[in-house]
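All values derive from a computational prediction rather than experimental measurement. A, B, ... follow the sequence lines: proteins, then strands. Residue 1 opens every chain.
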Protein chains: 2
Amino acid sequence: MISSIAELISDRIGTMPAGERRAAQTLIANYPLIGLKTVAEFSAAAGVSSPTILRFVARLGFQNYPEFQSALQDELAAQLQSPASRTLNPPSPNGGAVSPMLEATLDNLRETFRHLSDKQLADIVAKLADRRGKTFLIGGRFTDPLARYMAAHLAIIQPNVFHLAGQESVWRDRLIDMGKRDVLVIFDIRRYQDSLVRFAETAHQRGVQIVLFTDQWLSPIARFARHVIAGRTAVPSAWDSSAALFVVAETLIGGVTRQLEADGAKRIRELESLR
Amino acid sequence: MISSIAELISDRIGTMPAGERRAAQTLIANYPLIGLKTVAEFSAAAGVSSPTILRFVARLGFQNYPEFQSALQDELAAQLQSPASRTLNPPSPNGGAVSPMLEATLDNLRETFRHLSDKQLADIVAKLADRRGKTFLIGGRFTDPLARYMAAHLAIIQPNVFHLAGQESVWRDRLIDMGKRDVLVIFDIRRYQDSLVRFAETAHQRGVQIVLFTDQWLSPIARFARHVIAGRTAVPSAWDSSAALFVVAETLIGGVTRQLEADGAKRIRELESLR
DNA sequence: CAAAATACGTAATATACGATACAGCGCTCT
DNA sequence: AGAGCGCTGTATCGTATATTACGTATTTTG
């Protein structure tokens with residue numbers, strides 16, 4: 001069973017002529033980056049000619065050089081998706097069904113935040129804390145609870161926060177209330193819902209600023225979104241995980257709260273006095 | 001000090017026009033592989049035209065596309081050499097608002113699961129997957145979305161799953177439907193809601209098995225609960241975090257799904273054929 | 001040792017890719 | 001409301017790249 005190209009190479013390197021073997025060795029030596037460069041660069045690094053490189057990849061079973069490169073990229077993609085941190089954490093003493101799920105979620109969280117800069121979050125917080133406009137939140141079949149969760153918090157610390165729920169026709173009519181100064185927070189992960197996409201498009205046309213929570217494959221709504229948060233969702237389960245998006249949402253909630261406190265919003269002080 | 005291209009992007013993404021921002025977002029979303037593909041593929045993935053991609057890389061300061069790709073490859077090479085230094089965002093030495101929140105959440109997850117045995121989870125899974133009884137879910141002010149999230153998934157893979165929402169009087173009347181074989185999943189964290197406690201007590205008297213999601217200080221409902229899941233909730237924010245409970249919920253959802261598949265429930269097969 | 005077969009590089013060719021010019025459109029600002 | 005600017009996509013061009021053909025060198029085999 002050969003799964004990676006590196007294995008494939010070491011499997012067949014014995015049957016290769018001298019020139020191609022040099023190509024194979026240089027590729028293994030700094031795998032896989034040389035293979036992603038041009039044939040000319042690859043050949044120069046290996047000290048052979050271009051056709052030798054092409055014969056080398058042909059011997060590996062690829063039709064042409066681009067196909068070979070695509071395979072390398074796919075392999076890299078798989079590596080980058082599931083980071084090596086899995087090996088860093090103690091390999092779960094109890095090999096139960098629990099740990100894999102937890103480990104994957106921890107990875108997802110780290111990966112999601114790794115792609116999220118402080119500045120990006122600060123921008124979104126500023127937008128959400130801007131009390132001149134209204135804030136609408138909506139989610140898809142499985143993500144609507146996330147919208148609810150966020151709305152439940154935001155609605156306490158500021159006015160004009162609305163969670164859009166129920167029948168499509170109901171929240172579609174709320175478009176009338178939306179304008180340039182308003183923000184629409186949408187949660188949409190695979191499989192992306194047409195109704196949400198249409199809703200987002202119309203809102204966008206009305207000048208509404210869209211903050212999109214989606215997965216790493218990006219909902220089509222990303223086209224219209226001002227800010228996109230791409231969370232990792234892969235876990236060893238039949239379902240995708242929304243945990244990363246959930247934590248980002250909590251982070252934003254905390255940020256907006258802090259922001260409003262800093263702004264000295266009297267609403268916050270009033271709230272405190274109410275307790 | 002900007003060291004990686006990803007930082008460079010998140011630094012300037014604010015000043016970019018819409019199209020280029022979409023390019024930036026898709027690149028960040030699956031970094032850096034899209035950038036290693038051709039301009040045509042990159043543009044298709046981002047949903048923009050080729051020139052927009054080229055303008056995007058030009059704005060980042062690169063003379064041409066190949067130069068941009070080389071930079072990405074160099075970065076990848078450095079990463080692959082030392083897997084430990086895979087930090088895209090530097091560990092934010094500036095007390096940025098991001099990391100503390102993330103770190104605390106990661107800790108909470110680990111702690112929560114540390115106090116949770118495989119057996120405990122397996123028991124709950126078995127209980128939830130037992131299709132002889134009904135499953136009810138309910139939550140408090142902030143945790144109701146968690147109940148919704150769990151209900152949304154469970155209701156697909158098995159019948160007789162009900163999320164109790166709306167007015168207290170409404171779900172209180174549903175007590176009539178509950179009996180010994182039924183399960184009631186309650187989410188309740190500080191400040192514990194009296195209405196929920198009363199509800200749980202009555203349900204308990206009727207013989208309903210209660211699965212309680214609460215925080216580490218334990219809701220009074222714990223008295224009546226058959227199973228208690230105590231999640232860590234402390235984060236550097238004005239609000240408590242429900243992330244740990246969320247992840248436990250996802251773990252249970254995954255477990256129940258696997259269980260029902262193993263039981264060969266025909267509902268699961270029917271579902272698959274429906275897709 | 002001779003002759004064939006295989007391997008390899010040079011040079012020419014075709015393709016696909018990145019780059020550019022230009023026009024249409026929407027947006028902002030006065 | 002109108003004029004100007006900036007952004008974006010279409011179509012075209014030039015070029016770098018992969019590919020192929022062919023001749024030479026090297027190894028293999030009888």
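- Residues forming a side chain to side chain contact (heavy atoms under 4.5 Å, CB included) with A/Ala225 (at least two apart in sequence, or on another chain): A/Ile210, A/Leu212, A/Val228.
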In a table with atom names and distances, give each donor-acceptor pair under 3.5 Å that connects a side chain of residues 142-151 of chain A to protein atoms at least two apart or in another chain.
unit_1, atom_1, unit_2, atom_2, d
A/Thr143, OG1, A/Gly140, N, 2.8
A/Thr143, OG1, A/Phe187, O, 3.2
A/Asp144, OD1, A/His163, NE2, 2.9
A/Asp144, OD2, A/Arg148, NH1, 3.0
A/Tyr149, OH, A/Glu250, OE2, 2.8
A/Tyr149, OH, B/Ser242, OG, 3.2

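- For A/Gln167, the CD atom counts as loosely surrounded, since its 6.0 Å shell holds 12 or fewer non-hydrogen atoms of other residues, nucleotides or ligands.
- If B/Gln69 and A/Lys180 are placed on DNA chain C by their nearest nucleotide, the residue sitting closer to the 5' end is B/Gln69.
- A/Leu33 pairs by the side chain to side chain contact (heavy atoms under 4.5 Å, CB included) definition with A/Leu36, B/Gln73, B/Leu76, B/Ala77, B/Leu80, not counting sequence neighbours.
- For the pair A/His204 NE2 and C/dG26 P, the computed distance is 12 Å after rounding to whole Å.
- Evaluation of the ring pair (Phe, Tyr, Trp, His ring centres under 6.0 Å) rule for A/His227 yields no partner, not counting sequence neighbours.
- Annotation: side chain to side chain contact (heavy atoms under 4.5 Å, CB included) contacts of A/Ser237 (sequence neighbours excluded): A/Met101, A/Val235, A/Trp239.
- Separating the CE atom of A/Met16 from the C1' atom of C/dC8 is a distance of 16 Å, rounded to the nearest angstrom.
- Taking atom CD on A/Glu20 and atom P on C/dA7, their separation rounds to 7 Å, with Å as the unit.
- Residues of residues 44-66 of chain B having a heavy atom closer than 4.0 Å to DNA chain C, listed by number: B/Pro51, B/Leu54, B/Asn64, B/Tyr65, B/Pro66.
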